[in-house]
Amino acid sequence: MIESLLWDVDGTLAETERDGHRLAFNDAFASMGLPWAWGVARYGELLRVTGGRERILADLPTQAEAPATAAEREALARELHRRKNIAYERRLAEGAIALRPGVAELLDEAASRGLRLAIVTTTSRANVAALLRHALGAAAKPRFETAVCGEDVAAKKPDPEAYQMALQRLALPPLATLALEDSPAGVAAARAADVPVLVTRSAYFASDTVEGVVAVGPGLHTRAGWRPALAGPGGGDGRVTLDDLLEWHARMDLVSQFG
Ligand code: XBP
Ligand code: MG
């Protein structure tokens with residue numbers, strides 16, 4: 001039986017990478033007079049690197065204007081990341097980033113039925129707080145009991161540390177939880193911590209292969225297109241409901257592989 005839902009943030013709660021982070025990185029480059037701009041395709045490649053500062057560092061060798069020494073590059077990445085996070089919050093405050101459809105409803109339903117809610121992300125804590133403040137709005141009623149963030153761990157996803165820390169804080173065994181993720185790195189992190197995981201596909205990971213998940217589908221707003229398939233209206237405005245999650249979780253041994 002599931003006692004707690006463990007929510008990834010970027011791509012799962014909201015399309016933050018598409019609507020926020022990429023554009024905010026470009027804002028940061030421009031604010032420092034750098035002629036760099038990450039397009040959608042390049043950003044998709046760079047998302048294999050988790051962590052915004054780490055992502056900048058990974059791209060610097062491709063940029064002619066990058067400083068020569070490791071120390072200078074580290075300092076530049078830090079400053080660009082600081083500016084990126086300010087630009088990200090500005091975009092949130094302007095209302096540019098909404099929760100993905102079906103998320104608020106499932107959070108409300110889970111909270112009203114007594115499930116414990118946690119965040120497990122390797123994004124910066126300030127970015128998580130800003131998203132909850134600006135995008136959750138009225139749906140903020142179901143408070144998250146704990147939030148494991150990037151600063152809390154030594155190793156970011158796909159390392160399991162963030163999930164292991166969440167289990168420790170909640171004092172729950174992995175099988176009493178279900179993770180909601182969108183990315184291969186997130187799935188790998190959950191699986192390495194033995195946490196059952198479902199995938200709600202996001203813009204940047206729309207067609208990646210996923211394996212060993214309890215379910216995979218196009219979003220929590222629809223019952224169409226999920227594997228295992230969802231039958232019937234489900235009693236929740238055509239969306240994925242908590243009962244669907246409980247059913248998948250109960251059946252997970254039967255559906256452990258997806259190509
Ligand atoms: C997403 C990430 C983050 C964000 C940017 O992790 O890898 O680095 O892209 O946020 P998750 P920061 O899906 O686990 O939330 O700049 O704060 O790193
Ligand atoms: Mg994610």
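For ligands, and for the atoms within them, numbers begin at 1 and follow the listed sequence. Quick note: residue numbers are just sequence positions, from 1. Values reported hereafter were calculated over all heavy atoms of this structure, with side chains retained and with hydrogens, waters and symmetry mates removed.
- Using a 4.5 Å heavy-atom threshold, the side chains of R73 and P61 count as touching.
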When you look at R169 and E145, which way does the salt bridge (Lys or Arg N to Asp or Glu O under 4.0 Å) test go after all the steps? CA-CA 9 Å; R169 288 187 190 174; E145 181 176 329; over 6 Å; no
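- In this structure, T241 and L106 approach most closely via the heavy-atom pair C-CD1, 3.9 Å.
- Residue Y43 forms a side-chain hydrogen bond (donor to acceptor under 3.5 Å, both in side chains) with just one option from E17, H21, R18, and that option is E17.
- Side-chain contact check for E74 versus T69: every heavy-atom pair is 4.5 Å or farther apart.
- Between W38 and F29, the ring center distance clears the sub-6.0 Å criterion.
- The OG1 atom of T12 lies 12.0 Å from the CZ atom of R201; values are rounded to the nearest 0.5 Å.
- Rounded to the nearest 0.5 angstrom, S4 OG and L170 CG are separated by 4.5 Å.
- Take the Mg ion (ligand 2) and draw a sphere of radius 2.8 Å; the protein N/O/S atoms inside it number 3.
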Which protein N or O atoms sit under 3.5 Å from any N or O of ligand 1? Give atom names and distances.
| unit_1 | atom_1 | unit_2 | atom_2 | d |
| --- | --- | --- | --- | --- |
| ligand 1 | 7 (O) | G51 | N | 3.2 |
| ligand 1 | 7 (O) | R55 | NH2 | 3.1 |
| ligand 1 | 8 (O) | G51 | N | 2.8 |
| ligand 1 | 8 (O) | G52 | N | 3.2 |
| ligand 1 | 8 (O) | R55 | NH2 | 3.4 |
| ligand 1 | 9 (O) | E17 | OE1 | 3.2 |
| ligand 1 | 9 (O) | E17 | OE2 | 2.5 |
| ligand 1 | 9 (O) | R55 | NH1 | 2.7 |
| ligand 1 | 9 (O) | R55 | NH2 | 3.1 |
| ligand 1 | 13 (O) | D8 | OD1 | 2.8 |
| ligand 1 | 13 (O) | D8 | OD2 | 3.4 |
| ligand 1 | 13 (O) | D10 | O | 3.4 |
| ligand 1 | 14 (O) | D8 | OD1 | 3.0 |
| ligand 1 | 14 (O) | T122 | N | 3.4 |
| ligand 1 | 14 (O) | K157 | NZ | 3.0 |
| ligand 1 | 15 (O) | D8 | OD1 | 3.1 |
| ligand 1 | 15 (O) | D10 | N | 3.3 |
| ligand 1 | 15 (O) | D10 | OD2 | 3.1 |
| ligand 1 | 15 (O) | T121 | OG1 | 2.5 |
| ligand 1 | 15 (O) | T123 | OG1 | 3.0 |
| ligand 1 | 16 (O) | H81 | NE2 | 2.6 |
| ligand 1 | 16 (O) | K84 | NZ | 2.6 |
| ligand 1 | 17 (O) | S124 | N | 2.8 |
| ligand 1 | 17 (O) | S124 | OG | 2.6 |
| ligand 1 | 17 (O) | N127 | ND2 | 2.8 |
| ligand 1 | 18 (O) | G52 | N | 2.7 |

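- Here the straight-line distance linking atom SG of C149 with atom CE of M165 works out to 10.5 Å at 0.5 Å rounding.
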